[in-house]
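Naming: A, B, ... by sequence-line order, numbering from 1 per chain. Note: hydrogens, waters and symmetry copies are ignored here, and every other heavy atom, side chains too, is used.
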Amino acid sequence: MRESKKARAERVDAILARLDAEYGTEYRCYLDHETPWQLLIAVILSAQCTDARVNIVTKELFKKYRSLEDFAAAELSELEQDIHSTGFYHMKAKNIISCCKDLVEKHGGTVPRELSELTALAGVGRKTANVIRGNVYDDPSIVVDTHVKRISKKLGLTKADDPEKVEYELMEVLPKDHWILWNIHIITLGRTICTARNPKCSQCFLRELCPSAGGMKG
DNA sequence: CTCCCGATAT
DNA sequence: ATATCAGGAG
């Protein structure tokens, strides 16, 4: 049985209402930062690493490197040690130095707003670029990370496996005013209830709206 | 497609 | 021991 378009739209509205009621409608960022370029570096470091670990590392990192110029001039081996515990440290360090050099030399020390300009930076892919666009510039954008992909699929809002396809399918389903918030709400849900291992469906406030929780009939 | 890679929970 | 974590590059 395939869910009708109207039924799905109503279910999405109900899901969004419950997420808003549970988590609020104010955007919060899990990565500590004071400036856009600090957020960019934090997101680069967050690849396959918990945000809690990134925050431990950036707390000291941003004391040591106080500007984009400091990062651009960093010694590779030294920066590798500074970010070691986030994993993938060799590539991340190389990318951060290259990225910050570009920001200083080609973007006047600012973080660009366009998706194409962001993804042209070393270490910045579609997901990282969309975090910047949403959080820094309030441009409606859907961030597809591991949680968003997993939970959007479980909720039956996409069947795609490619993150970019997930992003486009979610754009069809979600109202634009919830694009930015979707990511942060789903991450919050994914860290506490709808975890990758042992999801607590019985405790989930979306269980009656979720095909994977067995809460939907027919 | 493979590789990058440490920390943590289970 | 193994799965997973605010992915991206070659």
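- Distance from the side chain of A:A196 is smallest for C:dC5 among the nucleotides C:dC5, C:dA9, C:dA6.
- Atom pair A:I151:CD1 and C:dA6:C1' shows a separation of 12 Å (rounding to whole Å applied).
- Note: NZ (A:K149) to P (C:dG8) measures 12 Å, nearest angstrom.
- What separates CG of A:L40 from P of C:dG7 is a distance of 15 Å, to the nearest Å.
- In this model, no side-chain donor or acceptor of A:N95 finds a partner on the base of C:dA9 within 3.5 Å.
- Aromatic ring pairs are classed by plane angle as parallel below 30°, tilted from 30° to 60° and perpendicular above 60°; the pair A:F62 and A:F71 is perpendicular.
- Counting any heavy atom pair closer than 4.0 Å across all strands shown, A:I44 reaches no nucleic acid atom.
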Assign a letter to each nucleotide of nucleotides 3-10 of chain B from its 5' end: B, base within under 4.0 Å of a protein heavy atom; S, sugar-phosphate only; -, no contact. -BBBSSBB
Please walk me through it: do A:E78 and A:D82 pass side-chain contact (heavy atoms from CB on, under 4.5 Å)? CA-CA 6 Å; A:E78 191 175 343; A:D82 294 331; 4.1 Å; yes
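- Among the heavy atoms of the strands lying under 4.0 Å from A:L121 are primed sugar atoms or P, OP1, OP2 only; no base atom is included.
- Inter-residue side-chain proximity for A:L181 and A:D20 is flagged as met; some heavy-atom pair is nearer than 4.5 Å.
- Atom-to-atom, OH of A:Y30 to C1' of C:dC5 comes out at 14 Å; the value is rounded to the nearest Å.
- When atom types are taken as modelled, the side chain of A:K94 and the backbone of A:L76 share no donor-acceptor pair closer than 3.5 angstrom.
- As rounded to the nearest Å, B:dT2 and C:dA6 have P atoms that lie 24 Å from one another.
- Aromatic ring pairs are classed by plane angle as parallel below 30°, tilted from 30° to 60° and perpendicular above 60°; the pair A:H84 and A:Y89 is tilted.
- Of all nucleotides listed (C:dG7, C:dA9, C:dA6), C:dG7 comes nearest to the side chain of A:T128.
- The distance from atom CG of A:D145 to atom C1' of C:dG8 is 14 Å, rounded to the nearest whole Å.
- Mapping A:H147 and A:V124 onto DNA chain C by nearest heavy atom places A:H147 closer to the 5' end of the strand.
- Residue A:T158 forms a side-chain hydrogen bond (donor to acceptor under 3.5 Å, both in side chains) with just one option from A:E172, A:K149, A:E169, and that option is A:E169.
- Looking at A:K64 and A:D70, no side-chain N of the basic residue comes within less than 4.0 Å of a carboxylate O on the acidic one, giving no salt bridge.
- Taking atom CZ on A:R28 and atom C1' on C:dA6, their separation rounds to 12 Å, with Å as the unit.
- Between the CD1 atom of A:I97 and the P atom of C:dG8 there is a distance of 19 Å, given to the nearest Å.
- Atom CG in A:D162 sits roughly 12 Å away from atom P in C:dG8 (whole-Å rounding).
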